[in-house]
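Report on the following structure.
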Amino acid sequence: MTEFLLELLKKEVKKRGYISEEAVKKISKKTNIPVSGIYGVATFYSFLPTKQQGKNVIHVCTSPTCAIHNSLDLIKFLEKELKIKLGQTAKNKLFSLYETSCIGCCDEAPAMLLNGKPYIKLTKEKIKKILRKCKS
Amino acid sequence: MQILRKTNLKALEKAKKLGAKKVIDILKKKNLTGRGGAAFPTGKKWEFTLNAKSDTKYVICNANEGEPGTFKDRFIIKNNPETLIEGILIAAYVIKAKQAFIYLRGEYDNLRNLLQKTINKVVKKSGVDIKIISGAGAYVCGEETAIIQSIEGQRGHPQYKPPYPAVDGLFGKPTIINNIETLTNVPQAILFNDWDPNLRLMSLSGNIANPGIYELPVGYKLTDLIKKAKPKNKVKAIYFGCFGGCMPYSKIELTPDSICGKNCIIGSYTIIVVDEKQSILDTALSIAHFYCHESCGKCTPCREGTIRVCHLLEKIKSGKATKQDLEILEDLAMNIHETSLCGLGQTSTNHLLTALEFFRKEFEEKLR
Ligand code: SF4
Ligand code: FES
């Protein structure tokens, strides 16, 4: 079985947090897929960033159940705490903040992913604690 | 719960004794249908692939459950992964596939280890390789032709059908694609005489005290289900995921023979309860936003339309919209519904069309 491009790209994100130009060139050589083709695939998917990310990547769910449970307020709170806007990465590269579609934790809304791991039943207090842990 | 019953590889054993044709007969007779939303008879689907001529065939387990409000696949992976894997092995046995894939949504990366461990434990010397491919955050890849594109290393764009994956699927080979709930039911249907084809997993969430997975028969009364879930306040509307549309709670009793009434689609039994304190306009915005984000961009009505829907809803919310804007919105919603290429676009405005039918006032109040 040949190597699967999606798997290669996911591995790269897991290792380095994003898919760098260098990585694209390397994967291109390995798979014989042109660089443009690899960018074409990477940019299609929400979880395959091609720019450097923060050490901690947060994805807050904004789909209806979480929205009903005030996830939009939590995003505003996170923006204030992290001093970045949604979609941005902090200058010190400690955090990136994004929204995401439903992450399948609707029974425990509101929810977010932090470095791929779900955090549920969020409140501002809970988020503060989580952020503190990330910084230490 | 029926879905949690373990089959301990006894169903696979039985399947091998019976042979492919008889397994398909059982699935047909027992009336197992796809649980991803389309409810196509599973036995029939497998038969197409069995009869397709090719020396290579594949099985794909669709674990890209992404409909907002749905979490039943997560529930199965966590609580009965062995039976799921056995279902995949039976599918592979029936069509003589050597390679199977589980396309696991990126949002469920944290379940990958558990799945891999279960594969290592269950598969052993079956001669079938089950490979997990991690998705990367694309709802559209739940569509079967898009899954195939994605595994093949392309952008996850849905394709025109026919050809159907059953005969021309992954790498051009005949392919069975079933979702997690369906494949978990396979061994159970084969092994247990008292297996009930009418039970469904229903994902309940929203303004309720008891959110979670409920296993209930098709045709179970929605009002009773909502009562079980213990609404926190007076219920205003029920949303059947993002794609199924909404209906007012007060109208539910009027449609006794169908759980969701003629305006809505029940799909994979996703139920989001919205109470009086919520604004339908805000919910509409959240859903419109979801589609805007998840549209794959292949066809114009969906790619451009979902963005315009978002803008128009925002305009209405800001109080700057006119009656004409609302008319344009409704017209656009209808157009997207009728002209989009795949199910995502076609159903992306169901929530809006039903909201405009039942809760129009909430939109009109905001007009200038
Ligand atoms: S309807 Fe939307 S998701 Fe489907 S092919 Fe068109 S753009 Fe892509
Ligand atoms: S709606 Fe947020 S996790 Fe499902």
Side-chain angles (χ1 to χ4, degrees), chain A residues 1-14 19 27 31-33 37-49 57 59 61-72 98-121, chain B residues 65-75 99 101 103 105-110 129 131-139 141 150-157 203-207 210-213 239 241-242 270 272-275 277-278 282-283 285-287 289-290 293-294 296-297 351:
Chain A
M1 219 22 39
T2 46
E3 295 248 36
F4 291 85
L5 180 58
L6 201 55
E7 287 286 287
L8 291 175
L9 295 174
K10 282 279 288 216
K11 254 187 223 153
E12 190 61 30
V13 173
K14 213 169 178 192
I19 301 158
I27 294 173
T31 55
N32 263 330
I33 301 168
I38 291 175
Y39 272 116
V41 172
T43 51
F44 180 79
Y45 298 92
S46 304
F47 293 169
L48 298 179
V57 182
H59 283 98
C61 172
T62 52
S63 286
T65 303
C66 287
I68 285 172
H69 287 94
N70 297 324
S71 67
L72 301 184
Y98 298 99
E99 59 183 322
T100 175
S101 299
C102 177
I103 54 173
C105 298
C106 334
D107 51 340
E108 295 163 315
M112 68 179 196
L113 295 173
L114 167 63
N115 304 325
K117 205 175 142 217
Y119 288 77
I120 51 167
K121 292 187 179 163
Chain B
E65 125 179 298
E67 185 57 39
T70 316
F71 41 94
K72 62 192 176 75
D73 289 355
R74 190 197 74 190
F75 177 83
Q99 181 72 52
F101 296 92
Y103 187 84
R105 68 188 302 232
E107 292 80 352
Y108 289 176
D109 267 358
N110 63 315
D129 181 46
K131 185 170 175 53
I132 302 174
I133 302 272
S134 279
Y139 168 73
C141 290
S150 185
I151 297 180
E152 288 178 354
Q154 312 285 337
R155 292 165 77 89
H157 283 172
S203 312
L204 263 80
S205 69
N207 300 122
N210 290 336
I213 299 294
Y239 279 83
C242 280
T270 301
I272 303 174
V273 180
V274 172
D275 74 17
K277 297 197 171 151
Q278 306 297 327
D282 282 346
T283 309
L285 249 170
S286 157
I287 300 179
H289 193 72
F290 165 77
H293 183 76
E294 296 299 344
C296 84
H351 76 99

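Throughout, a chain's letter reflects where its sequence line sits, starting with A, and its residues are numbered from 1. Source: prediction; values computed, not measured.
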With heavy-atom distances below 4.5 Å as the criterion, would you say the side chains of [X] and [Y] are in contact?
| X | Y | answer |
| --- | --- | --- |
| K131(B) | F4(A) | yes |
| Q154(B) | F44(A) | no |
| C102(A) | T70(B) | no |
| Y239(B) | I68(A) | no |
| E107(B) | C105(A) | no |

Chain A interface, residue from [options] that has the most non-hydrogen pairs under 4.5 Å:
| options | value |
| --- | --- |
| P68(B), A136(B), G156(B), S205(B) | A136(B) |
| S203(B), G135(B), C141(B), G241(B) | G135(B) |
| H289(B), K72(B), E67(B), K277(B) | H289(B) |
| I133(B), D109(B), N110(B), I272(B) | I133(B) |

Query raised in the report: Do any N or O atoms from the side chain of S134(B) and from the backbone of E7(A) form a donor-acceptor pair under 3.5 angstrom?
Result: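 No: the side chain of S134(B) does not pair with the backbone of E7(A).
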
**Report entry** Where R155(B) and Y45(A) come nearest, the two heavy atoms and their spacing
**Finding:**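 Heavy-atom minimum between the residues: C-OH, 4.1 Å.
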
Query - Minimum heavy-atom distance between Y108(B) and G104(A), given as atom pair plus value - result: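 Minimum heavy-atom separation between Y108(B) and G104(A): OH-CA, 3.5 Å.
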
Query raised in the report: With no hydrogens and no angle check, do the side chains of H293(B) and E99(A) hold a donor and an acceptor under 3.5 Å apart?
Result: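 Judged by distance alone, the side chains do not pair up.
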
Selection from [options] maximising heavy-atom pairs under 4.5 Å formed with chain B:
| options | value |
| --- | --- |
| G116(A), P118(A), P64(A) | P64(A) |
| S101(A), C61(A), A67(A), A42(A) | S101(A) |
| L9(A), I103(A), L5(A) | I103(A) |

Query raised in the report: Does any heavy atom of chain A fall under 4.5 Å from the side chain of I213(B), the backbone, both, or neither of them?
Result: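 No part of it gets close to chain A.
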
Query raised in the report: Atom OG1 of T62(A) and atom CD1 of I287(B): how far apart are they, to the nearest 0.5 Å?
Result: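 If we round to the nearest 0.5 Å, T62(A):OG1 and I287(B):CD1 are 11.5 Å apart.
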
